[in-house]
Chemist: 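Please find one structure pasted underneath; my questions will follow.
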Protein chains: 2
Amino acid sequence: MRIGELAERAGTTTRTLRYYEARGLLPARRDANGYRDYDERDLKLLRQIRTLQDFGFDLEETRPFVECLRAGHPEGDACPASLAVYRRKLDELDALIGELQAVRAQIGVRLALAEDPKCELGGQQW
Amino acid sequence: MRIGELAERAGTTTRTLRYYEARGLLPARRDANGYRDYDERDLKLLRQIRTLQDFGFDLEETRPFVECLRAGHPEGDACPASLAVYRRKLDELDALIGELQAVRAQIGVRLALAEDPKCELGGQQW
DNA sequence: GTAAGCCTTGACGTCGGGGTCAAGGCAAGG
DNA sequence: CCTTGCCTTGACCCCGACGTCAAGGCTTAC
């Protein structure tokens, strides 16, 4: 399978695949004419990368999963390094979600105050 | 007040102030020698920008607040345009938080499954 | 033979919010 | 007079994940 077909089957672009190869994430075999040659396993690796990217993982964070698959495991998250990335991501997400909720609350209060200036008088009307 | 003093009093850098000016967000008067000259009102505008930036607002999103203050309102969020930005931000935050929570849940499940392969057998052990 | 449709590498653009020089002007103190 | 410490503009650098040419090579179809 050539680069265009792989890109299409994975719902991405050839530019992206070349970029992954340049990063050492998805190296490609070459045909006699220099064309990149991929197989079904590469498609699986690529899908793993794309899934994690959709989750918001950095490209580098997908590397352990890809290497895990390449090592022969049926799932990319069957290796300790992958699990470590999962855990770190959970912590990051919890922290981020917490911050966003705090910001959301702040803005909510400010909006309420600005929408209804009476509230600024102290709430004695309750 | 010159640029260095304003930057220090607002806890930011001169580069940042020049950047804001280039964006048309915080124009500065000039001394005879070409030095930027700021006053207390500029400090207030700058603090409004910084507060919103800390909340994760884009620079452009702070513009209505700055213009509101410049129009003479004591609070930057006293104008309809500012309130519209607040509301849009709340929607964005709600959407984002929701997505992040969904991702968090997905990763949590995957981590649990990968940590304890027994779960994959179907949960008959319960 | 030539046009179409793949493929190759290389290199620059994008976005936001500035950071980091570089080269030079202005003001004050010793 | 010289240094120090402000200030000025201009210009390139950074990050991440690609997008978008440009110039050229291979293959197949007509």
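Lettering follows sequence order; numbering is per chain, from 1.
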Chemist: Determine whether a donor-acceptor pair (N or O, by modelled atom type, separation under 3.5 Å) exists between the side chain of B/Lys44 and the backbone of B/Leu69.
Modeler: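 No.
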
Chemist: In whole Å, I'd like the distance from the CZ atom of B/Arg23 to the C1' atom of C/dG17.
Modeler: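 It is 10 Å, rounded to the nearest whole Å.
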
Chemist: Quick check on A/Glu8: does its CD atom have over 12 non-hydrogen neighbours (other residues, nucleotides or ligands) under 6.0 Å away?
Modeler: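 No, because the 6.0 Å sphere around CD of A/Glu8 holds 12 heavy atoms or fewer from other groups.
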
Chemist: If only atom types and distance count, is the side chain of A/Ser82 paired as donor or acceptor with the main-chain N or O of A/Gly76 below 3.5 Å?
Modeler: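 Checked: pair present.
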
Chemist: Identify whether any heavy atom of A/Asp58 sits under 4.0 Å from a base atom; if not, whether one sits that close to sugar-phosphate; answer base, sugar-phosphate or nothing.
Modeler: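 If one applies the 4.0 Å heavy-atom cut-off, A/Asp58 turns out to touch the sugar-phosphate alone, with no base involved.
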
Chemist: With a 4.0 Å limit, can you tell me whether B/Thr12 has a side-chain N or O closer than that to the phosphate oxygens OP1/OP2 of C/dG18?
Modeler: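 Result: no.
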
Chemist: Nearest nucleotide by nearest heavy atom, which residue falls closer to the 5' end of DNA chain C, B/Glu60 or B/Asn33?
Modeler: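 Upstream on the strand: B/Glu60.
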
Chemist: Counting distance only, does the side-chain N/O of B/Arg36 pair as donor-acceptor with the main-chain N or O of B/Met1 below 3.5 Å?
Modeler: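 Checked: no pair found.
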
Chemist: Output the single nucleotide from C/dC7, C/dA27, C/dT20 whose closest atom is nearest the side chain of A/Arg2.
Modeler: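 For A/Arg2, the side-chain atoms sit closest to C/dC7.
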
Chemist: What's the verdict on side chain to side chain contact (heavy atoms under 4.5 Å, CB included) for B/Arg47 and B/Leu43, showing C-alpha distance, side-chain angles and the deciding distance?
Modeler: CA-CA 6 Å; B/Arg47 286 199 167 129; B/Leu43 177 58; 3.5 Å; yes

Chemist: So that I know where these two stand, are A/Phe65 and A/Tyr86 an aromatic pair - ring centroids less than 6.0 Å apart?
Modeler: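 Centroid distance A/Phe65-A/Tyr86: below 6.0 Å, so yes.
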
Chemist: Using the C1' atoms of the five pairs at each end, what is the angle between the end axes of the helix from C/dG1-D/dC30 to C/dG30-D/dC1, to 10°?
Modeler: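 End-to-end axis angle for the helix from C/dG1-D/dC30 to C/dG30-D/dC1: 40°, rounded to 10°.
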
Chemist: OP1 or OP2 of C/dG16 sitting under 4.0 Å from any side-chain N/O of B/Gln53?
Modeler: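 No, no such contact exists.
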
Chemist: Is any side-chain N or O of B/Tyr35 closer than 4.0 Å to OP1 or OP2 of C/dG25?
Modeler: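 No, outside the criterion.
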
Chemist: Does B/Asp91 use its side chain to pair, donor to acceptor, with the backbone of B/Arg88 at less than 3.5 Å?
Modeler: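 No, the answer is negative, given that no donor and acceptor are paired below the 3.5 Å cut-off.
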
Chemist: Kindly indicate whether a cation-pi arrangement holds for B/Lys89 with B/Phe57, taking the cut-offs as under 6.0 Å to the six-membered ring centre and within 45° of the axis.
Modeler: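 Yes - B/Lys89 lies over the ring of B/Phe57, closer than 6.0 Å to its centre and within 45° of its axis.
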
Chemist: In whole Å, what is the span from the OH atom of A/Tyr19 to the C1' atom of C/dC12?
Modeler: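 In whole Å, C/dC12 C1' lies 15 Å from A/Tyr19 OH.
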
Chemist: Strictly distance-based, threshold 3.5 Å: is any side-chain N or O of A/Asp31 a donor or acceptor partner for the main-chain N or O of A/Asn33?
Modeler: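 No; zero donor-acceptor contacts below 3.5 Å.
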
Chemist: Between atom CZ in B/Phe57 and atom C1' in C/dG17, what is the gap in whole Å?
Modeler: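 For the pair B/Phe57 CZ and C/dG17 C1', the rounded distance is 17 Å.
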
Chemist: To the nearest angstrom, how far is B/Asp31 atom CG from C/dG25 atom C1'?
Modeler: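 About 14 Å, once rounded to whole Å.
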
Chemist: Have a look at B/Arg18 and say if it touches a base, only the backbone sugar-phosphate, or nothing, with a 4.0 Å heavy-atom cut-off.
Modeler: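 Base: the residue B/Arg18, judged by heavy atoms under 4.0 Å, touches a nucleobase.
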
Chemist: Main chain of A/Asp58, side chain of A/Glu61: is a donor-acceptor contact present, judged purely on distance under 3.5 Å?
Modeler: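 A pair under 3.5 Å: yes.
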
Chemist: Which is true for B/Arg30 with a 4.0 Å heavy-atom rule: it touches a base, it touches only sugar-phosphate, or it touches nothing?
Modeler: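 The residue B/Arg30 makes sugar-phosphate contact but no base contact.
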
Chemist: Once you round it to whole Å, what is the distance between P of C/dG16 and OH of B/Tyr20?
Modeler: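 One finds 14 Å between P of C/dG16 and OH of B/Tyr20, rounded.
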
Chemist: Examine C/dG19: is either OP1 or OP2 under 4.0 Å from a nitrogen or oxygen in the side chain of B/Thr13? Give yes or no.
Modeler: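 Checking B/Thr13 against C/dG19: at least one side-chain N or O falls below 4.0 Å of OP1 or OP2.
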
Chemist: Quick check: on DNA chain D, is the nucleotide nearest A/Arg50 upstream (toward 5') of the one nearest B/Glu5, or the reverse? Name the residue that is more 5'.
Modeler: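 Looking at the nearest nucleotide for each, B/Glu5 comes out on the 5' side.
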
Chemist: Can you give me the first and the last nucleotide of DNA chain D (5' to 3') that has an atom within less than 4.0 angstrom of a non-hydrogen atom in chain A?
Modeler: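 The protein-touched segment is D/dA17 to D/dC26.
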
